[in-house]
S.K.: 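Pasting a structure here, questions to come.
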Amino acid sequence: MTLRAHTPIAELDLAERGVDSSMRIRRALVAAETTLHLIERTAHIGTYNLDIVTGKRTWSDELYRILGVPVGSPIDSTSYVRRVHPDDLAAILALREALHNGVGFSREHRIVLDDGTERWMETNMQPVVDAHGAVVWLFGTGVDITTRKVAELELAFLAHHDALTGLPNRTLLAETLAAALTAAGSSGRQVAVIYVDLDDLKRINDTYGHAEGDRVIRRCAQCLTACMRAGDVVARVGGDEFVVILADMESNAEATRAVQRMRAALAEPMSIGTVTMRLRASFGISCFPADGDSADQLIRYADLAMYHAKNTQRGEVAYFEPSLRDAAVDRLRLEHELGNAIANGELVLHYQPIIDARTKRIGGVEALVRWPNSPNGDTSPESFIPLAEETGLIVPLGAFVLREATRAIAELQRTARPELRLAVNLSLRQLSDDALPATVEAALARAGMPPNLLDLEITETYLVSDPARAAAQLGRLTRLGIRIAVDNFGTGYSALTFVRQFPAHLLKLDRWFVAEIERSEASRTIAAAIIDLACKLGMRSVAEGVETAAQHRLLDELGCDAFQGFYYAPPMTAGDLRDYLASERRVA
Ligand code: C2E
Ligand code: MG
């Protein structure tokens with residue numbers, strides 16, 4: 001925009017009108033000036049004028065205030081540029097040069113006041129030209145935008161940093177890594193990406209609350225940062241996940257050494273809640289140029305390596321290998337296909353008889369899921385239940401099992417065995433699904449099965465992350481008349497706690513003890529103790545995996561209430577179960 005010079009209104013009016021009107025105009029002018037001052041003051045806008053012809057330079061009061069100069073002090077051509085931040089000075093001088101040649105500008109920049117305070121200012125300058133196009137006057141505004149700018153910078157910081165630790169976040173990590181790769185590409189150096197995953201954060205959060213968990217994360221951030229060399233970067237990319245970039249390495253032995261330093265720093269004792277703990281983490285490393293050349297790829301590969309380290313042994317370190325990528329691709333495919341199999345009703349249920357010790361006849365059956373068309377040819381639940389648990393697919397899978405098993409067994413109850421019990425395995429992940437009681441009730445109602453003929457089996461191998469919630473869910477189910485069985489009892493590391501915390505009715509003795517019962521005195525003693533414990537707690541005991549007559553005899557002598565295993569019958573389809581029940585003989 002170019003302004004055209006004209007005769008100031010006030011002068012015109014004074015020349016053309018009489019004194020009275022000049023007084024009126026003068027008053028109006030004073031009023032207008034006062035209004036202008038107020039606007040300038042309120043909006044933090046200062047104005048600047050330079051008459052090129054006379055060399056007269058004026059600042060409005062507000063511009064003095066913005067630039068931290070006493071109002072009315074003498075000013076010269078350096079008064080403004082002297083206060084421009086050194087980093088912005090070159091740009092401002094270039095723009096000023098252009099201004100004198102008739103090109104206006106608008107620019108945000110910092111100024112440094114005489115007392116050293118930094119402020120942000122938006123300077124807007126326009127030349128005013130005469131009829132011949134010559135610059136005769138410069139007019140400008142200076143706006144104090146410090147408040148807005150600080151907020152903007154904070155926002156920009158937050159968009160690139162993690163609020164809890166102040167470390168770079170995933171976005172900034174990707175940008176920094178990309179820059180490090182470009183630099184390493186030209187210098188011929190290596191870059192390592194180290195994925196760090198804290199091992200026990202979930203447990204700490206669940207046990208001591210999120211404030212304590214946050215403290216642990218901050219401490220971890222400090223430990224990792226303290227281990228870095230200048231130029232390395234630590235970023236936080238998830239709840240308990242950090243990524244470290246070693247930007248300029250000679251060999252990947254440096255990455256191994258960095259992991260050793262980080263592990264040692266984390267292992268310094270720290271008081272958490274009521275205990276003193278040593279933090280542990282799993283580490284995965286990928287390297288440029290050996291493993292890949294893009295930031296995204298290297299971060300993913302380091303993550304895969306960390307995942308591998310965590311699964312093989314917590315607190316360990318693993319380097320990325322292509323086989324890990326292939327396994328991840330297979331896993332993703334399997335997950336996708338399992339999701340389809342559940343949705344398309346391709347899973348089938350087998351039922352394994354459970355023999356009642358008193359009647360020596362089949363008292364119930366356990367539903368066991370199979371995947372006949374599994375892409376890797378393995379139909380066993382052990383090959384896909386862990387995947388379903390990890391991915392959350394266990395919830396629809398479990399709902400299918402409940403629906404289908406209650407339907408099939410209710411039919412047998414109506415047509416063949418009214419008292420036949422059904423046992424269904426539940427994964428702990430299903431227990432944390434609030435909809436579980438409703439899903440169970442709906443399945444029973446739809447099938448027309450009495451709730452007191454249903455047992456839900458829960459394995460105690462895993463640590464229950466929210467025992468109060470799980471107990472509440474189980475309580476709702478037991479109030480309906482459903483029984484709870486503790487599956488694989490004796491194999492987990494919190495067996496007795498589990499029994500104390502949860503309202504269980506049955507203990508299923510793990511097949512590992514049964515397999516050893518003939519040749520191991522210790523297994524026999526443990527089996528006897530578990531059967532005794534169940535009896536004393538008013539619970540029923542069930543032995544799993546009985547394969548021989550001798551095992552059956554020993555367990556029977558120990559007073560076990562029920563038996564399950566290949567010795568009696570393998571898992572079978574619902575159709576085979578119907579035939580089997582029809583031709584059932586009592587177990588000797
Ligand atoms: P589990 O609940 O302990 O089930 C018993 C497992 O022992 C079954 O394996 C069964 O086939 C096997 N078995 C039965 N008798 C014998 C025997 O005499 N000797 C030996 N060696 N094994 C015997 P399966 O069907 O492969 O199931 C494995 C596990 O998968 C089950 O262990 C259960 O934890 C889980 N699972 C099965 N179906 C489901 C399901 O619908 N939902 C959930 N969440 N888990 C399931
Ligand atoms: Mg079971």
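In each ligand, atom 1 is the first atom listed, and ligand 1 is the first ligand listed.
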S.K.: Do Lys310 and Asp199 have side-chain heavy atoms sitting under 4.5 Å apart?
M.R.: yes

S.K.: I'd like to know if the Mg ion (ligand 2) has an N/O/S atom from Glu457 within less than 2.8 Å of it, counting both backbone and side-chain atoms.
M.R.: yes

S.K.: Would a distance-only check, ignoring hydrogens and angles, find a side-chain to backbone donor-acceptor pair under 3.5 Å from Asp356 to Ala562?
M.R.: no

S.K.: Taking the six-membered ring for Trp, are Tyr568 and His552 closer than 6.0 Å centroid to centroid?
M.R.: yes

S.K.: From atom 12 (C) of ligand 1, work out which of Arg511, Arg429, Glu457 has a heavy atom at the shortest distance.
M.R.: Arg511

S.K.: Check whether any side-chain heavy atom of Asn169 sits under 4.5 Å from a side-chain heavy atom of Leu158, and report yes or no.
M.R.: no

S.K.: For atom 35 (C) of ligand 1, what's the nearest protein heavy atom and its distance?
M.R.: Pro381 CB, 4.3 Å

S.K.: To check your reading of the model: name the closest protein heavy atom to atom 11 (O) of ligand 1, its residue, and the distance in Å.
M.R.: Pro571 CG, 3.5 Å

S.K.: Applying a 4.0 Å heavy-atom criterion (strictly less than), which segment of Asn488 is in contact with ligand 1: side chain, backbone, both, or neither?
M.R.: side chain

S.K.: In the structure I gave you, are the side-chain heavy atoms of His350 and Thr573 within less than 4.5 Å of one another anywhere?
M.R.: yes

S.K.: Is atom 9 (O) of ligand 1 near the protein, in the sense that some protein heavy atom lies at less than 4.0 Å from it?
M.R.: no

S.K.: Considering only the protein, which heavy-atom contact is closest to atom 38 (N) of ligand 1, and what is its distance?
M.R.: Val369 N, 3.2 Å

S.K.: Between ligand 1 and Asp487, is the shortest N or O to N or O distance under 3.5 Å?
M.R.: yes

S.K.: Looking at Asp378, is its backbone amide N or carbonyl O close enough to the side chain of Ser374 to form a donor-acceptor pair, meaning the two atoms are under 3.5 Å apart?
M.R.: yes

S.K.: Could you tell me whether atom 32 (O) of ligand 1 has at least one protein heavy atom nearer than 4.0 Å?
M.R.: no

S.K.: Quick check against the 3.5 Å criterion: does Glu457 have a side-chain atom that pairs as donor or acceptor with the backbone of Ala485?
M.R.: no

S.K.: Which of these, Glu544, Arg511, Lys508, sits in a side chain to side chain donor-acceptor pair (under 3.5 Å) with Gln564?
M.R.: Lys508

S.K.: Which one of Asp291, Asn252, Thr256 satisfies the side chain to side chain donor-acceptor pair (under 3.5 Å) criterion with Tyr319?
M.R.: Thr256

S.K.: Nearest 10° is fine: what angle sits at the Mg ion (ligand 2) between OD2 from Asp487 and OD1 from Asn425?
M.R.: 80°

S.K.: Do me a favour and list the nearest non-hydrogen protein atom to atom 45 (N) of ligand 1 with residue, atom name and distance?
M.R.: Asn425 CB, 3.6 Å

S.K.: Polar contacts were defined as any N/O atom of the residue lying under 3.5 Å from an N/O atom of the ligand; does this apply to Gln352 and ligand 1?
M.R.: yes

S.K.: If you measure every N/O of Glu382 against every N/O of ligand 1, is any gap under 3.5 Å?
M.R.: no

S.K.: Quick one: are Leu368 and Tyr351 in side-chain contact, heavy atoms under 4.5 Å?
M.R.: no

S.K.: Using a 4.0 Å cutoff against the non-hydrogen atoms of Gly545, which atoms of ligand 1 qualify?
M.R.: 16 (C), 17 (C), 18 (O), 19 (N)

S.K.: Going by the atom numbers of ligand 1, which of them fall below 4.0 Å from some non-hydrogen atom of Ser427?
M.R.: 44 (N)

S.K.: Answer yes or no: is there an ion pair linking Arg414 with Glu411, defined by an N-O contact shorter than 4.0 Å?
M.R.: no

S.K.: I want to know if ligand 1 touches Leu368 in the polar sense, i.e. an N/O pair below 3.5 angstrom.
M.R.: no

S.K.: Are the side chain of Ser383 and the backbone N or O of Ser380 linked by a donor-acceptor pair below 3.5 Å?
M.R.: yes

S.K.: Is Leu167 close to His161 at the side-chain level, that is, under 4.5 Å between some pair of heavy atoms?
M.R.: no

S.K.: So, regarding Thr459 and ligand 1 (criterion: nitrogen or oxygen to nitrogen or oxygen, under 3.5 Å), is there a contact or not?
M.R.: no

S.K.: Looking at ligand 1, does Gln564 have a heavy atom less than 4.0 Å from it?
M.R.: no

S.K.: Show me which atoms of ligand 1 lie under 4.0 Å from any heavy atom of Val546.
M.R.: 18 (O)

S.K.: Side chains of Leu555 and Leu509: does their closest heavy-atom pair fall under 4.5 Å?
M.R.: yes

S.K.: Measure from the Mg ion (ligand 2) to every N/O/S atom of Glu366 and report the name of the nearest one.
M.R.: OE2

S.K.: Below 4.5 Å, heavy atoms only, C-beta onward: do Arg325 and Leu304 meet side chain to side chain?
M.R.: yes

S.K.: Heavy atom to atom 41 (O) of ligand 1, shortest distance: which of Ile385, Thr548, Val401 holds it?
M.R.: Val401

S.K.: Hey, is there an N, O or S on Asn488 sitting under 2.8 Å from the Mg ion (ligand 2)?
M.R.: no

S.K.: Is Phe566 in polar range of ligand 1, meaning some N or O pair under 3.5 Å apart?
M.R.: yes

S.K.: Yes or no: does His350 have any heavy atom under 4.0 Å from an atom of ligand 1?
M.R.: no

S.K.: Could you tell me whether Lys508 approaches ligand 1 through its side chain, its backbone, both or neither, with non-hydrogen atoms closer than 4.0 Å?
M.R.: neither

S.K.: Is Arg370 in contact with ligand 1, taking contact as a heavy-atom separation below 4.0 Å?
M.R.: yes

S.K.: Between Glu547 and ligand 1, is there a nitrogen or oxygen pair with a distance under 3.5 Å?
M.R.: yes

S.K.: For the pair Arg236 (side chain) and Gly239 (backbone), establish whether a donor and an acceptor sit closer than 3.5 Å, ignoring hydrogens and angles.
M.R.: yes

S.K.: Can a non-hydrogen atom of Gly398 be found less than 4.0 Å from any atom of ligand 1?
M.R.: no

